[in-house]
Colleague: 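Sharing a structure, written as structure tokens. Questions coming.
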Amino acid sequence: MTLPKRYNAKEAEPKWQDFWNSRGIFKYDRNSSKPVYSIDTPPPTVSGMIHMGHIFSYVQAEVMARYHRMKGMEVYYPFCFDDNGLPSERFTEQQKKVRAQDMTRSEFVELCLEVTKDAEDMFRDLWTRFGFSCDWDLLYTTIDPWVQRISQRSFLDLNKKGFVYRKESPTLWCPECQTAVAQAETEDRESASVFHDLEFPLADGSGKIIIATTRPELLPACVAIFINPSDERWKHLLGKMAIVPVYNHNVEILADFRVDMEKGSGIVMCCTFGDTTDIEWWQEYDLDLRIVLDNRGHMNATAGFLEGMYWKKARKVLVQKLNDEGFRKGGEDIQHVLNVHERCGTPLEYLVNMQWFVSILDKKDELIRRGNEVNWYPPYFKVRYEHWVENLKWDWCISRQRFYGVPFPVWFCENCNEPVFAREENLPVDPLEDEPEGPCPSCGGSAFRPESDVMDTWATSSLTPQINAKWGEKDEMEGLLPMSLRPQAHDIIRTWAFYTITKAHLHSDSIPWKDIMISGHALNPSREKMSKSKGNIAGDPLVALDRYSADELRYWSCSSKLGNDVLFSEDVLGDGRRLVTKLWNATRFAVSRFEDFDRELRTDLKPFDRWILSRFTRAARNATSGMDQYEYSVCIRDGEHFFWKALCDNYLEIAKKRLYSDDTPDEKHSAQYALYHVLYGTLRLFAPVIVHITEELYQAVFRENEGHESLHLAPWPEPDYMDETALKYGDMALQIIEKARRFKSEANLSMAAPLNSIEISAPSEDLIELITFEDDLLSVTRAETINWSEGQNLSVRIVNTE
RNA sequence: GGGCGAUUAGCUCAGGUGGCUAGAGUGCUUGCUUGACAUGCAAGAGGUCACUGGUUCAAGUCCAGUAUCGCCCA
């Protein structure tokens with residue numbers, strides 16, 4: 001058998017992708033008796049461009065799927081899409097040039113489904129071309145009716161357990177668009193403003209204080225005054241009351257470290273609500289709620305004589321009055337940053353709405369304990385989780401005043417205003433279109449008002465383990481929970497990982513998965529995280545696939561330690577090509593020497609053959625322990641080092657003469673045996689990462705003997721051959737070869753040039769062992785003779801008289 | 001402002017529990033058509049391990065601080 005001179009990845013890769021797909025190589029068998037290894041695949045949002053950063057982290061998880069499959073486990077590796085929620089909503093609005101609030105929710109959802117379907121087809125094609133071994137029969141999308149049912153079931157379960165409550169809470173609101181706005185839809189805009197110095201009298205008559213503010217129209221909403229606890233100037237004010245000018249209500253003076261002592265007078269007023277700090281203070285200090293703006297940005301009755309005015313006019317009128325009454329002591333023109341709605345540029349307000357919450361603040365200790373039950377790779381990321389949980393200040397707000405998402409399965413009774421929950425057997429429901437079954441359980445009323453809010457996407461995506469297990473469904477999968485692995489990037493530890501742990505804890509008093517592997521980001525050439533919103537995407541995977549093979553890009557994805565961010569650079573993307581080519585050539589050579597190889601025949605192994613087998617065992621053990629820690633880079637690094645240095649540069653040259661000669665069949669067979677096993681083992685070490693070239697070589701060379709349908713179904717190499725003596729003296733014999741090579745290099749001679757003799761001296765106990773390597777040493781160095789003698793240390797002298 | 005991480009050769013990165021002249025790939029220099037591979041082989045040059053202190057017989061490695069960069073949160 002012979003292999004062609006060159007390997008053509010462009011032809012081979014689609015060929016093997018079709019092979020795996022048509023043979024169902026990666027199908028999950030739920031009746032298998034093998035232990036299950038399940039992966040909680042991250043559902044990418046379909047809205048955006050996919051870039052090499054995504055590929056980078058998905059490859060890292062995919063490699064682990066292949067590794068565990070080879071380790072003999074039944075791998076559950078689904079794919080999925082997060083197609084509901086704000087990103088899809090905005091994507092659809094952009095694609096279709098519509099506004100969600102101009103149509104009914106179901107009409108808009110139809111549009112979203114249409115748009116996301118196209119994106120999903122593109123994803124599937126891309127994933128296939130990167131050689132991903134997921135089982136597409138396990139596909140789910142977060143907008144699937146049955147997924148919505150699990151999401152609503154989760155809500156009902158939390159409610160039944162008493163973990164859900166409703167409370168008024170501030171949300172970002174655009175007065176122009178008349179809609180709730182998510183943080184992701186805002187942008188900062190620099191604008192001119194005035195810092196007004198206002199005078200507040202102290203209630204006990206002991207003096208007056210000056211407060212600087214850019215929002216005087218919020219004066220009627222003032223509920224407290226804050227100073228910094230370490231500000232010596234104002235310590236004496238603590239606990240006193242101040243009188244709000246014009247409105248004349250009293251507010252307390254409190255201390256909080258968030259006050260910026262450098263800004264204005266170092267005294268700040270807290271209004272409901274000017275900014276996020278106001279919201280935090282309002283929450284933490286349990287302050288009054290004084291709402292002065294309506295949802296169109298006009299002042300309400302609480303603002304007294306300003307009622308009905310748009311805030312801009314109200315500001316002008318109030319400043320005039322403050323001036324007239326002597327409360328305004330001055331002002332300073334400044335430039336500051338405003339949070340505005342990116343679509344219309346209108347400054348955003350905080351509006352107070354009823355929101356649904358899940359109580360988690362009272363469960364911090366339990367959640368930290370759960371975090372400890374999970375194995376974190378790399379371990380230091382657990383600290384981020386712990387600090388996040390320790391510093392939680394709010395319960396989890398799961399409601400959004402949006403359109404495209406999972407609806408709350410809830411109505412409100414028009415008579416008694418109590419919430420009416422859907423029955424589980426009727427899920428999923430859309431209260432905007434469905435009616436509750438039967439009358440109101442509280443008062444018997446029969447008229448209902450639907451809950452129009454939808455759930456936050458995290459409320460659904462935190463259920464991916466339950467979705468995979470089809471929790472509560474007819475075809476629920478027994479024993480899939482907790483899952484084996486959650487792969488994800490470090491930027492969403494505080495959201496996705498945290499909420500998933502929370503849900504598993506609340507629903508089933510357990511952890512969602514045993515292991516979590518946290519990957520880094522691909523950074524663009526200016527060392528920033530690549531993201532669509534920043535517009536700094538450097539790598540289009542389709543372009544990359546055009547220029548590099550999937551194996552090369554996968555190699556790049558696995559080139560750094562788990563958790564490290566890695567620089568995306570054209571310079572290093574092609575590094576994997578060397579290895580692919582070298583594997584091809586080495587195997588091409590080996591296969592040409594295997595023609596008369598009898599696998600069944602047993603022979604005594606020659607010293608260098610024992611050496612290379614032992615070296616392989618050592619490399620395979622390192623690779624395995626790396627993989628068990630999710631360190632694919634160790635596997636690649638140690639595997640490549642073994643393959644290139646030990647096997648190709650040295651062993652193949654050493655064994656060449658024996659492999660070509662038919663005069664000494666035992667010596668030849670011994671080399672064939674070692675080469676066959678070491679090469680087959682090496683292919684398997686590389687199989688999880690460079691998936692196509694290894695399959696190509698396996699099918700061409702090893703399939704017939706080994707019998708596995710695919711290399712990716714072959715067992716992971718766990719060799720136990722270890723000959724410590726051969727290892728030690730083989731390495732020593734290598735030093736002799738290096739000496740000969742250096743001699744030739746320094747003399748500008750070809751490596752094939754003959755040498756007269758090599759004079760070797762060594763202690764007698766070493767000599768006995770080294771002499772056994774003599775035949776191979778002669779052939780690889782092209783020396784005519786080797787003269788051995790006893791000496792203190794190993795010393796090697798090359799003699800060449802030309 | 002807080003949390004976490006990073007800072008090692010021109011470039012991209014390795015360097016568990018401190019221990020002989022700090023490693024790899026790439027790039028650079030020189031040589032070599034070696035019965036697989038010039039997409040190769042051999043040899044060579046190249047580093048005050050960000051900075052300042054400290055612990056120690058011994059610090060790239062441990063501790064404290066400083067600087068710069070990144071991510072997340074505020």
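All of these numbers come straight from a predicted model, not from anything done at the bench. Values below: all heavy atoms of this structure, side chains included; hydrogens, waters and symmetry mates excluded. Letters go in sequence order (proteins before strands), and every chain restarts at 1.
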Colleague: Provide the distance between the two P atoms, one in B:C62 and one in B:U7, to the nearest whole Å.
Modeller: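 Taking atom P in both B:C62 and B:U7, they lie 11 Å apart.
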Colleague: Say we look at B:U39 and B:U21: how far apart would their P atoms be, to the nearest angstrom?
Modeller: 39 Å
Colleague: Determine, using ring centers only, whether A:Tyr58 and A:His54 are less than 6.0 Å apart.
Modeller: no
Colleague: Just checking, any donor-acceptor pair under 3.5 angstrom between side chains of A:Tyr555 and A:Glu640?
Modeller: yes
Colleague: Does a side-chain N or O of A:Lys656 approach OP1 or OP2 of B:A36 to a distance below 4.0 Å, or not?
Modeller: yes
Colleague: Send over the distance from A:Asp565 CG to B:G70 P, rounded to a whole Å.
Modeller: 11 Å
Colleague: Checking all strands, does A:Leu652 fall into the base, sugar-phosphate, or nothing category for heavy-atom contacts under 4.0 angstrom?
Modeller: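 A:Leu652: base contact, heavy atoms under 4.0 Å.
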Colleague: At 4.0 Å (heavy atoms only), tell me whether A:Arg637 reaches a base, stays on the sugar-phosphate, or touches nothing.
Modeller: sugar-phosphate
Colleague: Could you please name the partner base of B:U33, counting Watson-Crick and G-U wobble pairs only when both distances are under 3.5 Å?
Modeller: none
Colleague: So, is A:Trp644 close to the B:C41 phosphate, meaning a side-chain N or O under 4.0 Å from OP1 or OP2?
Modeller: yes
Colleague: In terms of side-chain heavy atoms, does A:Arg486 have a donor or acceptor partner in A:Thr500 at a distance below 3.5 Å?
Modeller: yes
Colleague: Roughly how far apart, to the nearest Å, are B:G15 and B:U61 at atom C1'?
Modeller: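 My reading of the C1' atoms in B:G15 and B:U61 gives 9 Å.
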Colleague: Quick one: on RNA chain B, does A:Asn391 or A:Ser592 contact a more 5' nucleotide (nearest heavy atom)?
Modeller: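 Comparing both residues, the 5'-ward one is A:Asn391.
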Colleague: Which one, B:A42, B:G70, B:A14, comes nearest to the side chain of A:Arg741?
Modeller: B:A42
Colleague: Taking the nucleotide of RNA chain B with the nearest heavy atom to each, does A:Thr277 or A:Val383 sit closer to the 5' end?
Modeller: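 Comparing both residues, the 5'-ward one is A:Val383.
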Colleague: When you measure from the side chain of A:Ser750, which nucleotide among B:G70, B:A36, B:U34 comes out closest?
Modeller: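 In terms of side-chain proximity for A:Ser750, the closest of B:G70, B:A36, B:U34 is B:U34.
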Colleague: Under 4.0 angstrom, heavy atoms only, what part of the nucleic acid is A:Phe381 near: base, sugar-phosphate, or nothing?
Modeller: nothing
Colleague: Does a donor on one side chain sit under 3.5 Å from an acceptor on the other, for A:Lys744 and A:Asn800?
Modeller: no
Colleague: Between B:U66 and B:G2, how far apart are the P atoms? Round to whole Å, please.
Modeller: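 So the two P atoms sit 10 Å from each other.
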Colleague: Look through every strand shown and name the nucleotide pairing with B:C57 as Watson-Crick or G-U wobble, where both distances are under 3.5 Å.
Modeller: B:G19
Colleague: Is a side-chain donor-acceptor pair under 3.5 Å present for A:Gln629 with A:Tyr377?
Modeller: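 A:Gln629 and A:Tyr377 do not have a side-chain donor-acceptor pair below 3.5 Å.
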Colleague: Below 4.0 angstrom from OP1 or OP2 of B:U26, is there any side-chain N or O of A:Arg578?
Modeller: yes
Colleague: I need the CG-P distance between A:Leu562 and B:A6, as an integer number of Å.
Modeller: 13 Å
Colleague: Nearest whole angstrom, please: distance from the C1' of B:C41 to the CZ of A:Phe643.
Modeller: 14 Å
Colleague: Return the pairing partner of B:G27 with a 3.5 Å limit on both distances, Watson-Crick or G-U wobble; otherwise return none.
Modeller: none
Colleague: Can you tell me if the side-chain N/O atoms of A:Lys561 get under 4.0 Å from OP1 or OP2 in B:G15?
Modeller: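 Yes, within the criterion.
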Colleague: Which nucleotide in the set B:U39, B:A38, B:C4 lies at the smallest distance from any side-chain heavy atom of A:Lys5?
Modeller: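 The answer is B:A38.
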Colleague: Can you check whether A:Arg782 has a side-chain N or O nearer than 4.0 Å to OP1 or OP2 of B:C32?
Modeller: no
Colleague: Under a 3.5 Å limit for both distances, which nucleotide forms a Watson-Crick or G-U wobble pair with B:A38, could you say?
Modeller: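 Partner of B:A38: none found under 3.5 Å.
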Colleague: Between B:G60 and B:C20, how many Å separate the two C1' atoms, rounded to a whole number?
Modeller: 16 Å
Colleague: Does B:A67 pair with anything, Watson-Crick or G-U wobble, both distances under 3.5 Å, and if so, with which nucleotide?
Modeller: B:U7
Colleague: Is there a side-chain contact between A:Lys582 and the phosphate of B:A36, meaning an N or O under 4.0 Å from OP1 or OP2?
Modeller: no
Colleague: To the side chain of A:Ser560, which of B:C71, B:A36, B:A14 is closest?
Modeller: B:A14
Colleague: What is the distance, to the nearest angstrom, from the CG atom on A:Leu579 to the C1' atom on B:C37?
Modeller: 13 Å
Colleague: From the options B:A74, B:U39, B:A42, select the nucleotide whose nearest atom is closest to the side chain of A:Met751.
Modeller: B:A42
Colleague: From CD1 of A:Ile654 over to P of B:A42, roughly how many Å is that when rounded to an integer?
Modeller: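 Distance check: A:Ile654 CD1 to B:A42 P gives 12 Å.
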Colleague: Does B:A42 have its OP1 or OP2 closer than 4.0 Å to a side-chain nitrogen or oxygen of A:Asn748?
Modeller: no
Colleague: Any base atoms under 4.0 Å from A:Arg494, or only sugar-phosphate, or nothing? Heavy atoms, all strands.
Modeller: base
Colleague: If you measure from the P atom in B:C51 to the same atom in B:A45, how many Å do you get, rounded?
Modeller: 24 Å
Colleague: Considering only atom P, compute the distance from B:G27 to B:A22 and round it to an integer number of Å.
Modeller: 25 Å
Colleague: Between atom CG in A:Asp638 and atom C1' in B:G16, what is the gap in whole Å?
Modeller: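 So the CG-C1' distance, A:Asp638 to B:G16, works out to 13 Å.
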Colleague: So if I take every side-chain heavy atom of A:Glu653 and compare against B:U34, B:C72, B:G44, which nucleotide ends up nearest?
Modeller: B:U34
Colleague: Measure CD/A:Glu631 against P/B:C13 and give the value in whole Å, please.
Modeller: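 About 15 Å, once rounded to whole Å.
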Colleague: Taking ring-ring contact (aromatic ring centres under 6.0 Å, His included) as the criterion, tell me which of A:Trp388, A:Trp396, A:Tyr385 meets it with A:Tyr499.
Modeller: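 Between A:Tyr499 and the candidates, ring-ring contact (aromatic ring centres under 6.0 Å, His included) is satisfied uniquely by A:Trp396.
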Colleague: For B:G1, which nucleotide in any strand shown is its Watson-Crick or wobble partner with both distances under 3.5 Å?
Modeller: B:C73
Colleague: If you check every side-chain atom of A:Ala752, which of B:A14, B:G3, B:U34 has the closest atom?
Modeller: B:U34
Colleague: Any strand counts, and the cut-off is 3.5 Å on both contacts for Watson-Crick or G-U wobble. Which nucleotide pairs with B:G46?
Modeller: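 When the pairing criteria are applied, nothing turns out to pair with B:G46, so the answer is none.
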Colleague: How far does the C1' atom of B:G1 sit from the matching atom of B:A58, given to the nearest Å?
Modeller: 40 Å
Colleague: Give a yes/no verdict on a cation-pi contact between A:Lys656 and A:Phe589, requiring under 6.0 Å between NZ or CZ and the six-membered ring centre and an angle within 45° of the axis.
Modeller: yes
Colleague: Nearest to the side chain of A:Lys645, which nucleotide is it out of B:G35, B:U34, B:G25?
Modeller: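 Of the options given, the side chain of A:Lys645 lies nearest B:G25.
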Colleague: Can the positive tip of A:Arg684 be found less than 6.0 Å from the middle of the six-membered ring of A:Phe686, inside 45° of the ring normal?
Modeller: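 Output no; distance or angle outside limits.
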Colleague: Are the ring centres of A:Trp173 and A:Tyr350 closer than 6.0 Å?
Modeller: no
Colleague: Whole angstroms only, please: what is the NZ-P distance between A:Lys657 and B:A36?
Modeller: 15 Å
